[in-house]
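Whatever order the structure lists ligands and atoms in, that order sets their numbers, starting from 1.
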Amino acid sequence: MIVENLHNIRAHIPGHVTLVCVSKFHSKDDIMEAYRSGERIFGESRVQELCDKYADLPKDIRWHFIGHLQTNKIKYIVPFVELIHGVDSFKLLSAIDAAATKADRVVNCLLQMHIAREETKFGFSAEELDEMLQQDDWKSLRHVRICGLMGMATFTDDQNQIAQEFTLLKDTFDSLKQHYFPTDSMFKELSMGMSEDYQIAIGHGSTMVRIGSSIFGARV
Ligand SMILES: *Cc1c(COP(=O)(O)O)cnc(C)c1O
């Protein structure tokens, strides 16, 4: 099933868009099935689970952390993680920088923007992003690299609502790129789109989709 699902999804994803296979709550065997069909980028949302899978699975897997990261757990993933999607405060960004300095790495990060109607989703507003990037503090963080933005749309059947939210994220991305990263080729990722809305996201400029249940089935 996993191989068939991947086949279907791959057919809908253009070459310039990166697929993150969201494997949270799914077994190592499931991951290996996707791995054998060619996938190398996997996303996890819990530190313990990510570390456990990292230890046991092939070392050419590129692990993305897509959950809400607690400061005291950063050190466990910083030595190997390829991209942290959900950075939602300057405090977290500087804590990642501190851990990355110790690990002698530069860690790629995406700033999470709150675009959904739901109160529960983490992230900066457009104003807060502007406020943070206007200050110079983040520029002195030598061990994190801000590679773009990430966001989650409202969980709804209303396609227009979802499209509006992705448009807001894309517009904010373009504006921040122009103001703060005009010559920085690393600021290029717009992580938006999940199983239910990834085609809308791609239509609105996503460069990276995070897909779980459409690949691996429902999470138990
Ligand atoms: C779980 C999760 C996904 C994947 O969700 P699906 O609906 O299963 O595709 C994507 N992004 C984040 C941040 C998640 O937590």
### Query
Are there more than 12 heavy atoms of other residues, nucleotides or ligands under 6.0 Å from atom OH of Tyr76?
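12 or below, so no.
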### Task
Can you sort out the partners of His85 under side-chain contact (heavy atoms from CB on, under 4.5 Å), two or more places apart, ordered by chain and number?
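His85 satisfies side-chain contact (heavy atoms from CB on, under 4.5 Å) with Val20, His64, Ile66, Leu83, Leu110, Met150, Ser191, Met208, Arg210 once adjacent residues are dropped.
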### Query
Would you say the side-chain atoms of Lys177 pair up with the backbone N or O of Phe187, donor to acceptor, closer than 3.5 Å?
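Yes, the answer is positive, given that a donor and an acceptor are paired below the 3.5 Å cut-off.
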### Query
Under 3.5 Å, side chain of Glu44 to main-chain N/O of Trp63, donor-acceptor pair present?
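Flag not set: sc Glu44 to bb Trp63 has no pair under 3.5 Å.
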Could you pull out the N/O contacts under 3.5 angstrom between ligand 1 and the surrounding protein atoms?
| from | atom 1 | to | atom 2 | distance (Å) |
| --- | --- | --- | --- | --- |
| ligand 1 | 8 (O) | Ser213 | N | 2.8 |
| ligand 1 | 8 (O) | Ser213 | OG | 2.8 |
| ligand 1 | 8 (O) | Arg219 | NH1 | 2.7 |
| ligand 1 | 8 (O) | Arg219 | NH2 | 3.3 |
| ligand 1 | 9 (O) | Ser195 | N | 3.0 |
| ligand 1 | 9 (O) | Ser195 | OG | 2.5 |
| ligand 1 | 9 (O) | Gly212 | N | 2.8 |
| ligand 1 | 11 (N) | Arg210 | NE | 2.9 |
| ligand 1 | 15 (O) | Lys24 | NZ | 2.7 |

### Task
Is it possible for you to check whether Arg40 lies under 6.0 Å from the centre of the six-membered ring of Tyr35, through NZ or CZ, and within 45° of that ring's axis?
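Yes, Arg40 lies over the aromatic ring of Tyr35.
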### NZ/NE/NH1/NH2 to OD/OE distance under 4.0 Å, Arg145 and Asp184
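Salt bridge absent between Arg145 and Asp184.
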